[in-house]
Amino acid sequence: MPDRAPQPVDRQLPTDEARDLISLVRDIAQREIAPKAAEEEDAGRFPRELFTLLSESGLLGLPYDAEYGGGDQPYEVYLQVLEELAAARLTVGLGVSVHTLASYALAAFGAKEQQAEYLPAMLGGGLLGAYCLSEPSSGSDAASLRTRAVRDGDDWVITGTKAWITHGGIADFYTVMARTGEEGPRGISAFLVPGDAEGLGAAVPEKKMGMKGSPTAQVHLDGVRVPDARRIGEEGQGFAIALSALDGGRLGIAACAIGLAQAALDEALGYATERRQFGKPIADFQGLRFMLADMATQIEAGRALYLAAARLRDAGRPFAKQAAMAKLHCTDTAMRVTTDAVQVLGGYGYTADFPAERLMREAKVLQIVEGTNQIQRMVIARHLAGPETR
C-alpha cells in the first residue's frame with residue numbers, strides 16, 4: 001500500500017462552525033470509518049454502530065431545523081460532509097444521503113404537529129430511514145407506481161412492493177409513496193411508515209457488484225395499517241413531494257460521487273509517487289502525469305458544480321436543472337476517475353489488495369440511483385428546450 005498520506009481537500013466554508021464540523025467529520029472518517037471499510041465491504045457488513053455514532057454527533061440531520069434536532073447547516077456544508085464520509089466509505093456517505101432524503105418529506109411538507117412528534121427521533125435519536133418510491137415495474141417511470149393505500153376509517157391500509165430500497169429491512173422508518181387516487185402522478189400520496197409496522201417485511205438483500213455493505217432490498221407491504229396522522233402533505237401531493245425530495249437527493253449523490261473520485265485520485269497519486277520503474281517514480285512519466293491532472297480537474301469541476309447548485313438551493317432559488325447537471329457530471333466523473341485509478345495501479349489495481357477496484361465497482365451504481373444519468377439528460381433538456389412534443 002502507498003505510504004503517501006492524502007492531503008485534505010482545501011474547502012471554502014462559510015463559517016467557523018462549518019470548519020469545525022468538517023474537522024469533526026474528518027476525525028470520525030479517519031478513526032472509525034476508513035480503517036474497516038475494505039474488510040466490512042468484502043464481508044457485506046452494514047456498520048449500524050457507525051450510524052449511531054453519526055447520529056450522536058449530530059450528523060444525520062444537518063440541513064434541517066435545530067428546533068427538531070437538526071443541524072441548521074446550509075446545503076453547501078451538508079454536501080461537503082457527505083463528500084468526506086463517502087471518500088472514507090461510500091456505504092456511509094450514501095447511507096447518510098438516503099436517510100436525509102427519507103426525512104425530507106416530513107421536514108418540508110409535514111404539519112407542525114407531525115414534525116414535533118416524529119422529527120426529533122428521526123434527526124437525532126439514532127433512527128435510520130429509507131425512501132420508498134421505486135417498484136419492480138416502475139423505476140424511471142415512477143408516476144406509474146402500483147402500491148396502493150386504501151382509506152379505512154382513520155387509517156390507511158397499504159399494499160404493494162417497493163424495489164431497490166437502500167436500508168430495506170433494517171430501517172426504522174420508511175417514507176412510502178402509494179397510490180390513493182387516480183392513475184398518474186396526481187393520485188399518489190406520501191406516508192411515514194414505522195419499520196416495525198405489522199405486515200411490513202423485506203426480501204433477501206440484492207447481491208450487488210459493489211456497495212455490498214449497504215443492504216438494498218425489496219420492501220413488501222402486506223396490508224400495513226397506518227393512521228391518517230402519518231400521511232404527509234395533502235392527498236395526491238405525494239409525487240410532487242417525491243420529485244422535490246429527489247432534487248436535493250441528487251445533490252447528495254453528486255457529493256458522494258466526488259468523494260469517491262477523490263479517494264480514487266488519492267490512491268492513484270500515492271501509488272504513482274511511490275512506485276518506481278526505470279529508475280524513477282512512475283509519476284514522473286508524462287503519460288501518467290497527464291492522467292492525474294485530468295482526474296484532478298474533473299473532480300474540481302464536479303465539486304464546483306454541485307456546490308453552485310447547493311448555493312442556489314440555500315438561496316431559495318430554483319435548482320432542479322443544476323441538480324440534474326451535478327448528478328450527471330459528478331457520477332460520470334466518478335466512473336472515469338475510478339477506472340483511470342485502476343489503470344494507474346496497473347495489475348495491482350485489478351486486485352483486492354488495493355481499494356481501486358472496489359472504488360470502481362462502487363462508482364457504477366451512482367450513475368443509476370436516484371434517476372439514471374439518461375433521466376438526468378432528459379430533465380436537463382426539458383429545462384433547456386421545454387417538454388417533448390407529443
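Side chains are part of it too, since the values below use all heavy atoms of this structure and drop only hydrogens, waters and symmetry mates. Note that the structure is predicted; figures quoted are calculated from it, not measured.
- Within the 4.5 Å cutoff, the side chain of Tyr174 has no heavy atoms near those of the Pro194 side chain.
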Open item on the list: Show, in sequence, the C-alpha distance, side-chain angles and deciding distance for Ile22 and Val81, and conclude whether the side-chain contact (heavy atoms from CB on, under 4.5 Å) test is met.
Closed with: CA-CA 6 Å; Ile22 291 294; Val81 168; 4.0 Å; yes
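- At least one side-chain heavy atom of Leu366 sits less than 4.5 Å from a side-chain heavy atom of Leu90.
- The closest side-chain heavy-atom distance from Gln237 to Phe109 is below 4.5 Å.
- One finds a salt bridge joining Glu84 and Arg26 here, because a Lys/Arg side-chain nitrogen approaches an Asp/Glu carboxylate oxygen to under 4.0 Å.
- Checked by atom type and distance alone, the side chain of Gln218 never pairs as donor or acceptor with a backbone atom of Ala203 at under 3.5 Å.
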- [ ] Could you walk me through whether Thr216 and Lys208 pass side-chain hydrogen bond (donor to acceptor under 3.5 Å, both in side chains), step by step?
- [x] CA-CA 9 Å; Thr216 304; Lys208 300 174 297 185; 2.8 Å; yes
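- Residues His220 and Leu200 have side chains not in contact (no heavy-atom distance under 4.5 Å, counting atoms from C-beta outward).
- Across Ala363 and Ala334, no two heavy atoms sit closer than the pair CB-O, 3.7 Å.
- Side-chain contact annotation: Gln114 with Arg230, donor-acceptor N/O pair under 3.5 Å absent.
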Open item on the list: Would Glu135 and Thr147 count as a side-chain hydrogen bond (donor to acceptor under 3.5 Å, both in side chains) here? Give the steps.
Closed with: CA-CA 8 Å; Glu135 299 185 358; Thr147 295; 2.7 Å; yes
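- In this model, no donor atom of one side chain and acceptor atom of the other lie less than 3.5 Å apart for Asp222 and Thr159.
- With respect to the salt-bridge test (charged N to carboxylate O, under 4.0 angstrom), the residues Lys364 and Asp332 do not qualify.
- Using a 4.0 Å cut-off between a side-chain N of Lys or Arg and a carboxylate O of Asp or Glu, Asp16 and Arg19 qualify as a salt bridge.
- Using a 4.0 Å cut-off between a side-chain N of Lys or Arg and a carboxylate O of Asp or Glu, Glu300 and Arg303 qualify as a salt bridge.
- A side-chain N or O of Tyr104 and one of Ser244 form a donor-acceptor pair less than 3.5 Å apart.
- Between His329 and Tyr306, a ring centre-to-centre spacing not shorter than 6.0 Å is recorded.
- Interatomic distance, CG of Asn373 versus SG of Cys330, reported as 10.0 Å (0.5 Å rounding).
- Under the 6.0 Å distance and 45° angle rule, Arg231 does not count as a cation-pi partner of Phe191.
- When atom types are taken as modelled, the side chain of His167 and the backbone of Gly129 share a donor-acceptor pair closer than 3.5 angstrom.
- Side chains of Leu59 and Ile28 form a contact here, defined as non-hydrogen atoms less than 4.5 Å apart.
- With values rounded to the nearest 0.5 angstrom, Leu145 atom CG is found 9.0 Å from Ser137 atom OG.
- A salt bridge between Arg11 and Glu83 is present, with a side-chain N of the basic residue lying under 4.0 Å from a carboxylate O of the acidic one.
- Using a 4.5 Å heavy-atom threshold, the side chains of Ile158 and Arg225 count as separate.
- A donor-acceptor pair shorter than 3.5 Å cannot be found between the side chains of Ser23 and Asp20.
- Other residues, nucleotides and ligands contribute at most 12 non-hydrogen atoms within 6.0 Å of the CD atom of Glu17.
- Ionic pairing of Arg89 and Glu40 is present here: one or more N-O contacts between side-chain nitrogen and carboxylate oxygen are shorter than 4.0 angstrom.
- The minimum heavy-atom distance linking Thr338 with Ala264 is given by the pair CG2-CB, 3.8 Å.
- Using modelled atom types, no side-chain atom of Asp154 and backbone atom of Pro227 make a donor-acceptor pair closer than 3.5 Å.
- Classification of Glu182 and Arg186 as a salt-bridged pair fails, no side-chain N sitting under 4.0 Å from a carboxylate O.
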Task: Stepwise side-chain contact (heavy atoms from CB on, under 4.5 Å) check, Thr161 with Val219 - done: CA-CA 6 Å; Thr161 297; Val219 172; over 6 Å; no
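- For an aromatic pair to be called close, the ring centres must be under 6.0 Å apart, and Tyr118 with Tyr68 fails this.
- Under the 4.0 Å criterion applied to side-chain N and carboxylate O atoms, Asp340 and Arg336 are not assigned as salt-bridge partners.
- A distance-only check finds a donor-acceptor pair linking the side chain of Thr331 to the backbone of Lys327 [under 3.5 Å].
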Task: From CA spacing to verdict: side-chain contact (heavy atoms from CB on, under 4.5 Å), Leu133, Leu246 - done: CA-CA 10 Å; Leu133 178 62; Leu246 286 173; 4.0 Å; yes
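- For the residue pair Thr91 / Glu41, a side-chain donor-acceptor distance below 3.5 Å is found, with atom types taken as modelled.
- The closest side-chain heavy-atom distance from Arg361 to Lys212 is below 4.5 Å.
- Salt bridge absent: Arg250 and Glu370 never bring a charged side-chain N and a carboxylate O closer than 4.0 Å.
- The heavy-atom pair separating Val77 from Ala18 by the smallest distance is CG2-CB, 3.8 Å.
- The neighbour count for Arg146 CZ, taken as heavy atoms of other residues, nucleotides or ligands under 6.0 Å away, does not exceed 12.
- Without hydrogens or angle criteria, Arg179 side chain to Gly184 main chain gives a donor-acceptor distance under 3.5 Å.
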Task: Worked verdict on Asp266 versus Gln262 for side-chain hydrogen bond (donor to acceptor under 3.5 Å, both in side chains) - done: CA-CA 6 Å; Asp266 291 341; Gln262 185 68 56; 3.1 Å; yes
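- Minimum heavy-atom separation, Ala324 to Val379: CB-CG1, 3.9 Å.
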TODO: Please step through side-chain hydrogen bond (donor to acceptor under 3.5 Å, both in side chains) for the pair Ser189 and Thr180, ending with a clear verdict.
DONE: CA-CA 6 Å; Ser189 300; Thr180 55; 2.7 Å; yes
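- A donor-acceptor pair under 3.5 Å is absent between the side-chain atoms of Arg311 and the main chain of Arg313, judged by distance alone.
- In this structure, Pro63 and Thr100 approach most closely via the heavy-atom pair CG-CG2, 3.8 Å.
- In this structure the side chain of Glu198 never reaches within 4.5 angstrom of the side chain of Val224, judged on heavy atoms.
- Looking at Gln115, its side chain does come within 3.5 Å of a backbone N or O of Gly110 through a donor-acceptor pair.
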Open item on the list: As a quick check of understanding, evaluate side-chain contact (heavy atoms from CB on, under 4.5 Å) for Tyr64 and Met122, giving each step before the final call.
Closed with: CA-CA 11 Å; Tyr64 297 124; Met122 292 164 61; over 6 Å; no
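- Judged by distance alone, with hydrogens and angles left aside, the side-chain atoms of Ser55 form no donor-acceptor pair with the main-chain N or O of Phe51 at under 3.5 Å.
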- [ ] Check the pair Tyr131, His99 against ring pair (Phe, Tyr, Trp, His ring centres under 6.0 Å), reporting the backbone distance first and the verdict last.
- [x] CA-CA 8 Å; Tyr131 179 79; His99 175 84; over 10 Å; no
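- A salt bridge is absent between Asp247 and Lys321: the closest approach of a Lys/Arg side-chain nitrogen to an acidic carboxylate oxygen does not fall below 4.0 angstrom.
- Checked by atom type and distance alone, the side chain of Ser214 never pairs as donor or acceptor with a backbone atom of Met211 at under 3.5 Å.
- Expressed to the nearest 0.5 Å, how far OG1 of Thr52 lies from CG of Leu60 amounts to 8.5 Å.
- Between Asp284 and Arg289 there is a salt bridge, since at least one side-chain N of the basic residue sits less than 4.0 Å from a carboxylate O of the acidic one.
- Applying the 6.0 Å contact sphere to CD of Gln12 captures no more than 12 heavy atoms from other residues, nucleotides or ligands.
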